[in-house]
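A short write-up of the structure that comes next.
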Amino acid sequence: MSSQRETPFVTDDSQVQTDTRDARMTGGGADNRFNSKLRQAFGSSPFILTKFDQFMNWVRGSSMFMLQFGIACCSIEMMHTYSVKHDLDRFAAGVPRASPRQADVIIVPGTIVSKFAPRMKRVYDQMPEPKFVVGMGSCTISGGPFQEGYNVIKGAEEVIPVDIHVPGCPPRPEALIYGVAKLQQRIAEGESSPVTVKPYELQQFDDLEQDEIVEQLAEEINEEDLVMRYNWADSP
Amino acid sequence: MSLEEPTPDDGVVEALPTGGDEIADLLGDLVVGREEHMNAPGFVIRPDDVQETLRRLRDEAGFDHLSCVTAEEREDRYESIYHLTSFDDRQREASVVVPTPKDDPASQTAEPVFRTADWHEREAYDLIGIDYEGHPDLRRILLPDTWQGHPLSQNYDKDRPQIVTLKEWENPLADDHREEEGDTMYVNIGPHHPATHGVLHVKTVLDGEQVVDVDPDIGYLHRCEEQMCQSKTYRHQIMPYPDRWDYASSGLLNEWAYARAAEDLNDIDVPEYAQVIRTLGAELCRIASHMLAVGTFALDVYGDFTAIFMYAMRDREKVQNVLEELTGQRMMFNYFRLGGVVWDLPEPREDFFEMIRDFLDDLPEALEEYHDLITSNEILQSRTIDTGVLPPEVAKSYGATGPVARGSGIDYDLRRDDPYGYYDELEWDVVTEDGCDNFSRLLVRLREVEESAKIIEQCVDLLEDWPEDERTIQSNVPRTLRPDDDTEIYRGVEAAKGELGIYIRADGTEKPGRFKIRSPCFSNLQTLPEMSNGEYIPDMVASLGSLDIVLGEVDR
């Protein structure tokens, strides 16, 4: 038996209590393994005094459910961001969700073409509010290297609102993590992109302005069908 | 198999006509004119003789591989070119040229002879506007159904507005139902679905749990790669685009496809030293690509996001680090130049070689891990063995290449059969498996990783001992390349997914007149209905995973 075990039980525990309390208040010492930022913010008091919407913003930014949404080259780098080495989960932006109804952030990783834009709009619409969009890569900014393509939408912002643009072709995982962290910061501060009418919206076919192309397609498309009309000449 | 040229069976191969004149004799009256492409003799035929010509070439001259169908609009005519070659001897090639008049671009379909012509001709109809008579299902394939005009034809108006629908798909078998309530159920898989490896839409009709009909609907990532290449100059501007065709880290393999075609077209030599570096880089890319294929396949079959997928990503990170050292980018390398590579190996060279050797030393253990986790796992075996069966004859008819063909026992690899780069100087084997099922295709990929590692090791040995004053990374290439008017070439390389071919027609300017990409995934994906109809739906998902498609390359 060691001599330490033989010493009598410490009766003067004031010192111990103080250490623990200090550690809890400053976030250092033995209690550092707990959520130190919380401790720093709230001290040792068990009560939190804050505005509810501020609290909600903080919660939203700290637990983001991403949509598993792969389009093109950037989705490979996005997979790398989710998996070992980069591990986006460390930043409270966890394992991707397969269903848009469970997700609140959509990363748009790649070129959007005319056939896909209506589908992407539909997926975006299916996500519950509040929802946020990270545009990943040059294609979601401007169409990127494919901007001149006859079939390419000149950026995700033509179709859905985008909160954060991450440039690059493709952006490195570190860049995407930075973008997500920036988004979290914005959310925590209560900012979000205004939802405006985009150049390309889903609308009913019979609501379109009558012109040459509508007349040509009148026999092929039902009046109630949702369509997206692309005005290539006006796009940037 | 070794690297030696496959020894022809006595008499059989020699009897096949190989020269242009011999083939012309065989075709007789069918030939109305002759052309000379840089890779093969071209035979001009009448639009209504397509099936007869192709059938004769396939059955009597051994051209059993319709590699690609190129369509283009010329000044005075439309043209479809059928690039034929042979699975037994890749260096035997023939082009069948079918001109059609401007006012009535219609020619006979080749679909009854080669099943692969189905999608190729649909693409030609979609982008160029040639009508194929007798085609079973001639509708748009890459662009939306409601698109107006054919974008690669000459008088296409790019500024014209277009309308695209978001409609609910209908069960194509609904008409067969005897009663109001149907027996079959219609399921859309994709275009946004984790199991489709991108933006593929699979229209699936189920009877209970069995697949009755599956129709892959592609085009959700058609980003006009051919138009992009046609509007850029040969020397520097085209090279960045190949990286984005097959973006699963196969960049250098794709760049090589363009480099090979353009170098042969412009008669550019590549220094031996650069060829070794190219070979090294390309095989690293192949490993990265196969790792992704294995990881996502496990994801499809197990739904396991934590173990195998992460292991595969871990190994990919290692390869990407090496590639980043070499090229400066993780995925979009843009490292090849016509006539060589852009810069030499990174300094200090010893550290770079050390890095590769470290990776290669760890690889056997990693592969052991994969075999423990995947191939020797009973659950995976029962899911994959004898499911998604693709018999070799069917695979050939669909023009399947790469691991998909080699998993069906077809011994076909362009690195050996049509040598380029430094492959014919190195010691390695072509991997084939005879199972024809999902398991074989997986096993081929894992074994090919070993072969690639062998090649890389030999390249590192060579590069280490390369004399310092002979390290030429580029040959002299003129600043502006203007190949002669009307020269045509079709060249392929063995990319990670199979035969990646490039057809270029020069028009006397510094930009290609027609740039056509023969994507291996495009042809491989066509086999999906053949593998899945009548099988259970989870097996369809496994088959799709085992094809290892990349939508950027399918849609281009």
Side-chain angles (χ1 to χ4, degrees), chain A residues 67-77 79-80 82-86 95-96 98 100 110-111 113-123 139 143 145-146 148-152 169-170 172-173 202 205 208 211-214 216-217 220-222 225-234, chain B residues 142-149 151-152 156-168 190-194 196-199 201 219-225 227-228 231 240-241 243-244 247-249 292 295-296 305 309-314 316-317 320 330-332 550-552 555:
Chain A
L67 177 66
Q68 185 171 0
F69 187 66
I71 303 180
C73 332
C74 286
S75 56
I76 304 286
E77 284 296 63
M79 281 156 67
H80 277 269
Y82 285 135
S83 47
V84 283
K85 187 172 173 187
H86 298 289
V95 178
T111 321
V113 302
S114 67
K115 201 171 175 180
F116 192 62
R119 307 274 150 188
M120 186 177 77
K121 174 79 176 155
R122 173 52 62 89
V123 169
C139 291
F146 306 101
E148 286 154 26
Y150 49 81
N151 192 27
V152 175
C169 190
R172 297 178 60 91
L202 280 176
F205 184 65
L208 289 179
D211 63 2
E212 190 197 348
I213 179 141
V214 173
Q216 266 176 347
L217 287 167
E220 279 183 58
I221 305 176
N222 277 337
D225 276 354
L226 288 175
V227 297
M228 204 173 255
R229 184 202 158 105
Y230 301 106
N231 297 313
W232 298 118
D234 302 339
Chain B
L142 295 175
L143 291 166
D145 294 336
T146 48
W147 201 265
Q148 300 292 304
L152 292 183
Y156 177 70
D157 176 14
K158 239 189 89 176
D159 290 339
R160 183 197 176 104
Q162 300 282 355
I163 294 176
V164 177
T165 57
L166 177 83
K167 63 173 181 222
E168 287 186 23
H192 157 235
H193 189 277
T196 53
H197 296 221
V199 283
H201 173 209
Y220 291 94
L221 194 53
H222 173 57
R223 41 189 184 181
C224 330
E225 301 271 12
Q227 181 212 3
M228 290 294 117
S231 58
Y241 284 94
D243 288 321
R244 290 159 179 85
Y247 45 72
S249 290
L292 185 73
T296 47
F305 192 67
F309 180 74
M310 291 293 176
Y311 285 177
M313 286 314 221
R314 174 200 63 189
R316 270 174 59 84
E317 285 285 353
Q320 286 191 318
R330 280 165 59 89
M331 280 172 64
M332 304 302 167
V550 165
L551 268 298
D555 296 347

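Residue numbers begin at 1 in each chain, while the letters A, B, ... track the order of the sequences.
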Self-check item: Heavy-atom closest pair, residues A/Cys73 and B/Arg223
Solution: SG-NH2, 3.2 Å
Exercise. Please flag which part of B/Tyr241 lies under 4.5 Å from any non-hydrogen atom of chain A: side chain, backbone, both or neither.
Key: side chain
Exercise. Heavy-atom distances under 4.5 Å only: say whether B/Leu551 touches chain A with side chain, backbone, both or neither.
Key: neither
Practice problem: Could you go through the side-chain contact (heavy atoms from CB on, under 4.5 Å) check for B/Arg316 and A/Ile76 one step at a time? | Solution: CA-CA 11 Å; B/Arg316 270 174 59 84; A/Ile76 304 286; 3.2 Å; yes
Practice problem: Sequence neighbours left out, what passes salt bridge (charged side-chain N to carboxylate O under 4.0 Å, His left out) with B/Arg314? Give chain and number order. | Solution: B/Glu369
Quiz item: Can you name the closest pair of heavy atoms from B/Cys224 and A/Val152 and give their distance?
Solution: SG-CG2, 4.0 Å
Exercise. For A/Glu148, enumerate each residue passing the salt bridge (charged side-chain N to carboxylate O under 4.0 Å, His left out) test, keeping only those at least two apart in sequence or located in another chain.
Key: B/Lys232
Exercise. Locate the shortest heavy-atom distance separating A/Asn231 from B/Pro161; write the atom from each residue and the value.
Key: OD1-CB, 3.8 Å
Quiz item: Who among B/Val550, B/Leu166, B/Asp159, B/Thr165 has the most heavy-atom pairs with chain A under 4.5 Å?
Solution: B/Leu166
Practice problem: Examine A/Tyr150 together with B/His222 and report whether their ring centres are nearer than 6.0 Å. | Solution: yes
Quiz prompt | Test item: B/Tyr247 and A/Pro170 side chains (from C-beta on) under 4.5 Å apart, heavy atoms | solution = no
Self-check item: Validation row: B/Ile163, A/Glu220 side chains within 4.5 angstrom (heavy atoms)
Solution: no
Practice problem: Look at B/Pro240, B/Pro191, B/Ala248 and state which one has the largest set of heavy-atom pairs under 4.5 Å with chain A. | Solution: B/Pro191
Exercise. Answer with side chain, backbone, both or neither: which region of A/Val123 has an atom nearer than 4.5 Å to a non-hydrogen atom of chain B?
Key: side chain
Quiz item: Which bit of A/Leu226 is near chain B, if near means a heavy-atom gap under 4.5 Å: side chain, backbone, both or neither?
Solution: both
Quiz item: Rounded to the nearest 0.5 Å, how far apart are NZ of A/Lys115 and OG1 of B/Thr146?
Solution: 10.0 Å
Exercise. Go through A/Ala72, A/Ser83, A/Ser114 and name the one with the most non-hydrogen pairs under 4.5 angstrom from chain B.
Key: A/Ala72
Quiz item: What heavy-atom pair brings A/Pro118 and B/Val164 nearest, and what distance separates the two atoms?
Solution: CG-CG1, 4.1 Å
Practice problem: Please state whether the side chain, the backbone, both or neither of A/Glu77 comes within less than 4.5 Å of a heavy atom of chain B. | Solution: both
Quiz prompt | Side chain, backbone, both or neither of B/Met331 within contact of chain A (heavy atoms, under 4.5 Å) | solution = side chain
Quiz item: Of the backbone (N, CA, C, O) and the side chain (C-beta and beyond), which part of A/Cys74 lies under 4.5 Å from a heavy atom of chain B, both, or neither?
Solution: neither
Quiz prompt | From B/Asp555 atom CG to A/Phe116 atom CZ, the distance as rounded to the nearest 0.5 Å | solution = 11.0 Å
Quiz item: By a 4.5 Å heavy-atom criterion (distance strictly below it), what part of B/Leu143 contacts chain A: side chain, backbone, both, or neither?
Solution: both
Quiz item: Ignoring hydrogens and geometry, is there a side-chain-to-backbone donor-acceptor pair from B/Glu317 to A/Lys85 under 3.5 Å?
Solution: no
Quiz item: chain B heavy atoms under 4.5 Å from A/Asn151: which part of the residue, side chain, backbone, both or neither?
Solution: both
Exercise. Of all the heavy-atom pairs spanning B/Gln227 and A/Gly149, show the shortest one and how long it is.
Key: OE1-CA, 3.2 Å
Self-check item: Test item: side-chain donor near acceptor, A/Arg119 and B/His192, under 3.5 Å
Solution: no
Quiz prompt | Closest non-hydrogen atom pair, A/Val113 against B/Gly219 | solution = CG2-O, 3.9 Å
Quiz item: How about B/Arg244 and A/Pro145: do any of their side-chain heavy atoms sit closer than 4.5 Å?
Solution: yes
Quiz item: Quick one: what part of A/Met79 sits under 4.5 Å from any heavy atom of chain B, side chain, backbone, both or neither?
Solution: both
Self-check item: Heavy-atom pairs under 4.5 Å with chain A, option from B/Arg330, B/His193, B/Met228, B/Met332 with the top count
Solution: B/Arg330
Quiz prompt | Contact class of A/Leu202 relative to chain B, heavy atoms under 4.5 angstrom | solution = side chain
Quiz item: Do A/Trp232 and B/Gln162 have side-chain heavy atoms sitting under 4.5 Å apart?
Solution: yes
Practice problem: Answer yes or no: is there a side-chain heavy-atom contact under 4.5 Å between B/Gln148 and A/Leu217? | Solution: yes
